[in-house]
Amino acid sequence: MVKRQLPDARELAQLMRFKAPTLDAKKRRLENALTVADLRAIAQRRTPKAAFDYTEGAAEGEISIARARQAFEDIEFHPSILRNVSDVDTGRDVLGGRSALPFGIAPTGFTRLMQTEGETAGAGAAGAAGIPFTLSTLGTTSIEDVKAANPTGRNWFQLYVMKEREISYALVHRAATAGFDTLFFTVDTPVAGARLRDTRNGFSIPPQLTPRTVINAIPRPEWWINFLTTPSLSFASLSSTGGTVGELLDSAMDPTISFADLDIIREMWPGKIMVKGVQTLADARSLADRGVDGIVLSNHGGRQLDRAPIPFRLLPSVAREVGGDLEVHVDTGIMSGADIVAAIALGARFTLIGRAYLYGLMAGGRAGVDRTIGILRGEIERTMKLLGVATLDELGPQHVTQLARLTPVTQQATDAAESVE
């Protein structure tokens, strides 16, 4: 039997240490968010359905984004033991400069629709964290204002080739003049993907007040107050708005885009140039032969061609084949620091986060983006220590196994597809 006694008052006093309550509601909810998934849950509560679904959704059956996220879950880590990991270095040399972490913020369109601080919050948070920020052609903050928000940090610009080429050329010149150091030439959007959530929600640019949106706005007054009392949305590349996102993209994008356009833009751009939206090994080889600075393995977050290749699954073969000739970056499906570590281990030079950043933005503006970066930083550091590595360069394929879930019916079919140039 356990001997029992009356509680000791001094021991009780040590146990009864209450934490002072946090009166700032935003600070409290962000502190309680421990993962990007937690930020997503907050964002969904605070953002109107149409705007949240625009961020969350993908093309058609949304199979591509589901597979991309599943691919990151379907890995097995292999830790080393008895290594000194008291200090870890998460820094990475990327595209001629240093990033404090092995990820940057991906380009996202219509960002101020998610939360009114938009790209300004993202650029400021990226600068403070020492990571790059990428502005989309369809961003809702000007090139110059992003530079003002991140004056000493690294700013990158994502370019769509428009039907009116002079619009694209003018954006290239403005980004170069503002000191952006890298251009992301995007190749996976000759036309808009079928984003069915937007159609079903009646989502348009700008949002329209309908009985449905008014009802949905009742529990989310802060979003609507911010939207209605801040400057109206403006776009660097669109002269008019009014319609679904797909209709706007189709009116602006050009399905005749070709390698000739890449050559023209490359001649104009003074800095590093990346090709974003590469989805086959054959195209990666072709771009390596053309001497671009790097590629982004991406299926546009699953928002263009549904059932497209999974970038993370494609990564090892591309890194082996062309990683010595150009930088290989990867996006789509990244939701944790462990995902980022796995991508680096399998050959990615760098990664980009899109939805993860937007969940933080919707959850709390600039502070929410800071929280996203902080969560990912902590997960990266912890994963590295548990794997027994002190620097990113120590990571390698020996640390990660991609578990098989989706495999081609025959390897011969895969080989035949890869041989097509």
Side-chain angles (χ1 to χ4, degrees), residues 93-99 104-112 117-187 189 231-241 248-249 252-254 257 259-277 290-296 326-327 329 350 352 354 357 366 369:
D93 290 327
V94 56
L95 295 169
R98 191 72 171 170
S99 176
I105 292 180
T108 60
F110 312 109
T111 310
R112 284 189 55 228
E117 295 177 55
E119 292 90 355
T120 299
I131 65 175
F133 174 83
T134 317
L135 175 64
S136 169
T137 292
L138 299 180
T140 46
T141 302
S142 72
I143 289 168
E144 294 75 18
D145 286 346
V146 164
K147 177 64 176 180
N150 186 21
T152 59
R154 298 186 68 188
N155 294 303
W156 297 345
F157 186 72
Q158 176 268 331
L159 181 73
Y160 287 120
V161 174
M162 318 293 278
K163 289 178 180 175
E164 296 182 40
R165 293 294 195 269
E166 292 303 322
I167 295 176
S168 298
Y169 299 160
L171 291 170
V172 171
H173 286 303
R174 283 175 60 191
T177 300
F180 284 49
D181 64 75
T182 298
L183 186 78
F184 282 68
F185 184 92
T186 299
V187 296
T189 317
S232 60
L233 297 178
S234 59
F235 305 92
S237 58
L238 299 178
S239 58
S240 63
T241 59
L248 291 172
L249 287 174
M253 302 309 165
D254 191 346
I257 184 175
F259 280 100
D261 292 297
L262 174 60
D263 293 337
I264 291 170
I265 298 298
R266 188 177 179 187
E267 185 67 26
M268 296 172 58
W269 180 252
K272 302 287 187 179
I273 189 161
M274 299 282 290
V275 177
K276 183 177 185 293
R290 298 180 80 91
V292 300
D293 296 295
I295 58 174
V296 184
L326 46 69
E327 291 195 13
H329 299 193
F350 204 62
L352 296 165
Y357 141 63
R366 163 64 192 274
V369 183

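This is a predicted model, so every value here is computed, not measured. Residues take their numbers from the sequence shown, with the count starting at 1.
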Report yes if the distance between the aromatic ring centroids of Trp156 and Phe180 is under 6.0 Å, otherwise no. no
So do the side chains of [X] and [Y] get within less than 4.5 Å of each other, counting heavy atoms only?
X	Y	result
Thr182	Ile273	no
Leu183	Arg266	no
Leu171	Tyr160	no
Val94	Glu327	yes
Val292	Phe185	no
His329	Leu95	yes
Val369	Ile105	yes
Asp261	Arg165	yes

Assess whether side-chain contact (heavy atoms from CB on, under 4.5 Å) is satisfied between Leu352 and Val296, documenting all intermediate values. CA-CA 9 Å; Leu352 296 165; Val296 184; 4.2 Å; yes
Distance (rounded to the nearest 0.5 Å) between [X] [atom1] and [Y] [atom2]:
X	Y	atom1	atom2	result
Trp269	Asp293	CH2	CG	11.5 Å
Lys147	Phe157	NZ	CZ	14.5 Å
Glu166	His173	CD	NE2	8.0 Å
Leu159	Thr186	CG	OG1	7.0 Å
Arg154	Thr134	CZ	OG1	10.0 Å
Thr152	Asn150	OG1	CG	6.5 Å

Glu144 and Arg174 ion-paired at < 4.0 Å: yes
State whether Lys272 and Asp181 are salt-bridged, where the test is any N-O pair (Lys NZ or Arg NE/NH1/NH2 against Asp/Glu carboxylate O) under 4.0 Å. no
Report the C-alpha separation of Arg290 and Asp263 in whole Å, then their side-chain angles, then the decisive distance to 0.1 Å, and conclude whether the side-chain contact (heavy atoms from CB on, under 4.5 Å) test is met. CA-CA 9 Å; Arg290 298 180 80 91; Asp263 293 337; 3.0 Å; yes
Report the C-alpha distance between Met268 and Ile265 in whole Å, list the side-chain angles of each, state the deciding distance to 0.1 Å, and finish with yes or no for side-chain contact (heavy atoms from CB on, under 4.5 Å). CA-CA 5 Å; Met268 296 172 58; Ile265 298 298; 4.2 Å; yes
Scan side-chain atoms only and decide if Thr111 and Thr108 contain a donor-acceptor pair under the 3.5 Å cut-off. yes
In terms of the angle between their ring planes, are Phe133 and Tyr357 parallel, tilted or perpendicular, with boundaries placed at 30° and 60°? perpendicular
I need the minimum non-hydrogen distance between [X] and [Y], along with the two atoms involved.
X	Y	result
Ala178	Ile143	CB-CG2, 3.7 Å
Ile167	Met162	CG2-CG, 4.2 Å
Lys276	Pro107	CE-CG, 4.0 Å
Glu117	Arg112	C-CG, 4.5 Å
Gly139	Glu119	CA-OE2, 3.2 Å

Where do Val275 and Phe184 land on the side-chain contact (heavy atoms from CB on, under 4.5 Å) test, with the steps shown first? CA-CA 6 Å; Val275 177; Phe184 282 68; over 6 Å; no
